Amino acid sequence: MLTRAPKGTKDILPDESYKWQYIEGIMRDVCSRYAYREIRVPIFEHTELFQRGVGDTTDIVQKEMYTFLDKGERSITLRPEGTAGVVRSYIENSMGGAAQPTKMYYLSSSMFRYERPQAGRFREFRQFGIEAFGSLSPSLDAEAIALALQIFKELGINGLALNINSIGCSKCKPVYNEALSKYLEKQEPGLCKDCRQRMKTNPLRVLDCKQESCSKIVADAPKMIDYLCEECSEHFEGLKSRLEAAGIEYAVNPMIVRGLDYYTKTVFEIIASDIGAQSTVCGGGRYDRLVEELGGKPTPGIGFGMGMERLLLVLDSLNLEIPEPGLCDVYVCTLGDKAAQEGFSLTTKMRTAGIKAECDHMGRSMKAQMKYAGKIGAAKVIIIGEDELKNKEAVIRDMDKSEENTVAIEQLIDFLGASTR
RNA sequence: GUGGGUAUAGCUCAGUUGGUUAGAGCGCCAGGUUGUGGCCCUGGAGGCCGUGGGUUCGAAUCCCACUACUCACCCCA
């Protein structure tokens, strides 16, 4: 128990962390080109923020939050998603006072949900995400989607499916809900047990039930996009035309319903096949009422979350190679104590000079040191024994060519600097 | 919360109808070279056979319980 990571958590080991760094590099780069700046917010917040923000009736709030009382008797919750905290920060720091829109991203940020783990689902998982405030224009919606797709593209991932939908606003959504409920009530006998329950609590949920019997009924159900008010409809058309103008392929999927209460108008998902049942790699939408609901001035917003672990799964499933940075350019192989000291000093100097250098820390034989140098991928090995020490010189071995030269120790760094950089 | 699968070395896995000291490959360490990596050869370390109980003269093997891992439902990234 002591030496086992808690259920649903995972170590990111050195064998894998370079992949994360590579992906993060691309994300930062794309964000900077889209004029998004990084924000870092707390990993825990007051529980009430998520109750009000994410929604009291959602599964996330009802049964998946890591909530506890701190020593000051405050109810604290480890963030289950990224938007609420960023919105809180936007309000608290009066970001609405700056030139709008305000566009921000967060990177590899841990989220926590108490769920049964499975492929692509963890209790601690990391998200990349963006949040943009201050504009009602579908331009911002289209930009968010384009940004997400640009990241996939630059990672070499093609063939992901983009699904978009509009779930309306506070004007048209209630009208639709009623129409849907009426329809479902008529069809009740044909629905599965779960959906008969959902009908009462959250009829929208019935739309994405995977039971065959339900999908058949749902196929003929009234669709939100037919009930959109003029403003929402115009907005949705504006999004579609911008996506088309940018050459972005999409499918309108009237069945996508997001599980967080704050969404309005645009919702979208980016889906991967081949990574198991948890196939949504990226999901998000517009939340025009959220800032106001959390106590700020009425301010529209849009954002998405992208699951880092799921992204890694996609990369693995496509067998996409991520360049692994070399561990060592030059290994310093020494024989005897005096040479080892000279070698250590030399290694330190090389590191100062910007060379990836390593020396023996195990008291190994020369043969073993050579073997180790090969394993860590050293392109060159410096060999210093008693003879070399006497003459103040060193042997440089090129590991690929198996060629050796003798160079004065004093000139070594310059020599290597010229040949390794 | 519900259901299925799995559990033997660091990793991937063998292990016969229950039978003595539980194996292989890879990896790790050392030697074959008195100062030279990759290939090859030799040797070594490393296992409470997930945990607890039961059946039996005898259990990695059969039975039960628990736990962990895993996949799926649900939900979502």
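Below, read A as the first sequence line, B as the second, and so on, with proteins coming before strands; counting in each chain starts at 1. Being a predicted model, the structure only gives us computed values, none of them experimental.
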>> For a quick check of understanding: with a heavy-atom distance under 4.0 Å over all strands, which category does A/Glu388 fall into, base, sugar-phosphate or nothing?
In response: base

> In whole Å, what is the span from the CD1 atom of A/Ile275 to the C1' atom of B/C76?
Replying inline: 12 Å

>> Once you apply a heavy-atom cut-off of 4.0 Å, does A/Ser402 come out as touching a base, just sugar-phosphate, or nothing?
In response: base

>> Output the rounded distance in Å from CE (A/Met370) to P (B/A30).
In response: 15 Å

> Looking only at atom P, what distance separates B/U61 and B/G18, rounded to whole Å?
Replying inline: 11 Å

> Nearest to the side chain of A/Ala119, which nucleotide is it out of B/A72, B/C75, B/A77?
Replying inline: B/A72

>> Closer than 4.0 angstrom, basic N to acidic O: yes or no for A/Arg126 and A/Glu309?
In response: yes

>> Does the plane of the ring in A/Phe128 sit parallel, tilted or perpendicular to the ring in A/Phe304? Use 30° and 60° as the thresholds.
In response: tilted

> What residues form a side-chain hydrogen bond (donor to acceptor under 3.5 Å, both in side chains) with A/Arg37, not counting sequence neighbours?
Replying inline: none

>> Using the C1' atom as the point on both nucleotides, what is the distance between B/U21 and B/G37, in whole Å?
In response: 38 Å

> Which part of the nucleic acid, if any, lies within contact of A/Arg116, taking any heavy atom under 4.0 Å across all strands shown: a base, the sugar-phosphate backbone alone, or nothing?
Replying inline: base

> For B/U67, does OP1 or OP2 lie under 4.0 Å from any side-chain N or O of A/Arg4?
Replying inline: no

> Can you tell me how far C1' in B/C28 sits from the matching atom in B/C66, rounded to whole Å?
Replying inline: 35 Å

> Are the ring of A/Tyr372 and the six-membered base ring of B/G37 within the stacking cut-offs of under 5.5 Å and under 30°?
Replying inline: no

>> Only Watson-Crick and G-U wobble pairs, only distances under 3.5 Å, only runs of 3 or more: what stems does that leave for RNA chain B?
In response: B:1-7 with B:67-73, B:10-13 with B:23-26, B:28-32 with B:40-44, B:50-54 with B:62-66

> Across the strands shown, which category fits A/Lys371 at heavy-atom distances under 4.0 angstrom: base, sugar-phosphate, nothing?
Replying inline: sugar-phosphate

>> Whether A/Glu388 and A/Lys390 form a salt bridge (side-chain N of Lys/Arg under 4.0 Å from carboxylate O of Asp/Glu) is what I want to check.
In response: no

> Is A/Arg123 positioned over the aromatic face of A/Tyr114, cation under 6.0 angstrom from the ring centre and no more than 45 degrees off axis?
Replying inline: yes

>> Distance check needed: B/C75 P versus A/Met255 CE, whole Å only.
In response: 15 Å

>> Once you apply a heavy-atom cut-off of 4.0 Å, does A/Cys333 come out as touching a base, just sugar-phosphate, or nothing?
In response: nothing

>> Quick check on RNA chain B: between A/Glu269 and A/Lys10, whose nearest nucleotide comes earlier from the 5' end?
In response: A/Lys10

> When we call it a touch if two heavy atoms are under 4.0 Å apart, what does A/Ile383 touch: a base, just sugar-phosphate, or nothing?
Replying inline: base

>> I'd like the P distance from B/U8 over to B/A14, given in whole Å.
In response: 11 Å

>> Between the side chains of A/Lys380 and A/Asp400, is the shortest nitrogen-to-carboxylate-oxygen separation below 4.0 Å, so that they form an ion pair?
In response: no

> Can a salt bridge be assigned to the pair A/Glu292 and A/Arg289 using a cut-off of 4.0 Å between side-chain N and carboxylate O?
Replying inline: yes

> Reckon A/Phe122 touches a base, only the sugar-phosphate, or nothing at all at heavy-atom distances under 4.0 Å?
Replying inline: base

> Are any of the side-chain nitrogens in A/Arg397 or A/Glu403 under 4.0 Å away from the carboxylate oxygens of its partner?
Replying inline: no

> When the P atoms of B/A72 and B/G10 are considered, how many whole Å apart are they?
Replying inline: 28 Å

>> Using atom P in both nucleotides, what's the gap between B/U34 and B/A7 to the nearest angstrom?
In response: 47 Å

> B/A30, B/G38, B/C75: which one has an atom nearest the side-chain heavy atoms of A/Asp400?
Replying inline: B/G38

>> If you go through the side-chain atoms of A/Ser365, does one of them form a donor-acceptor pair with the base of B/G35 closer than 3.5 Å?
In response: no

> So does A/Glu24 have more than 12 non-hydrogen atoms from other groups sitting under 6.0 Å from CD?
Replying inline: yes

> Can you tell me if the side-chain N/O atoms of A/Lys367 get under 4.0 Å from OP1 or OP2 in B/G35?
Replying inline: no

> Looking for any heavy atom pair under 4.0 Å, which part of the strands does A/Gly120 touch: base, sugar-phosphate only, or nothing?
Replying inline: base

>> Measure CD/A/Glu309 against P/B/U70 and give the value in whole Å, please.
In response: 13 Å

>> Is it the case that B/C74 (base atoms only) and A/Arg121 (side chain only) share a donor and an acceptor within less than 3.5 Å, ignoring hydrogens and angles?
In response: yes

> In whole angstrom, what separates A/Leu389's CG from B/G35's C1'?
Replying inline: 14 Å

>> Whole angstroms only, please: what is the CD-P distance between A/Glu81 and B/A77?
In response: 8 Å

>> OP1 or OP2 of B/C29 versus the side-chain N and O atoms of A/Lys375: is any pair under 4.0 Å?
In response: yes

>> Output the rounded distance in Å from CG (A/Asp59) to P (B/U2).
In response: 16 Å

>> Work out how far the C1' atom of B/C40 is from that of B/A77, and round it to whole angstrom.
In response: 50 Å

> On RNA chain B, nearest-nucleotide positions of A/Gly374 versus A/Arg310: which is more 5'?
Replying inline: A/Gly374

> Hey, is the side chain of A/Arg397 pairing donor to acceptor with the base of B/G37 inside 3.5 Å?
Replying inline: yes

>> Should the side chain of A/Glu404 and the base of B/U36 be counted as holding a donor-acceptor pair, with the cut-off at 3.5 Å?
In response: yes

>> I need the full list of ring-ring contact (aromatic ring centres under 6.0 Å, His included) pairs touching residues 29-63 of chain A, with sequence neighbours left out, sorted by first then second residue.
In response: none

> Taking atom P in both B/U12 and B/U17, what distance in whole Å separates the two?
Replying inline: 26 Å

> Looking only at N and O atoms, is any donor in the side chain of A/Gln118 or the base of B/C76 less than 3.5 Å from an acceptor on the other one?
Replying inline: no

>> In whole Å, I'd like the distance from the CE atom of A/Met366 to the P atom of B/G38.
In response: 13 Å

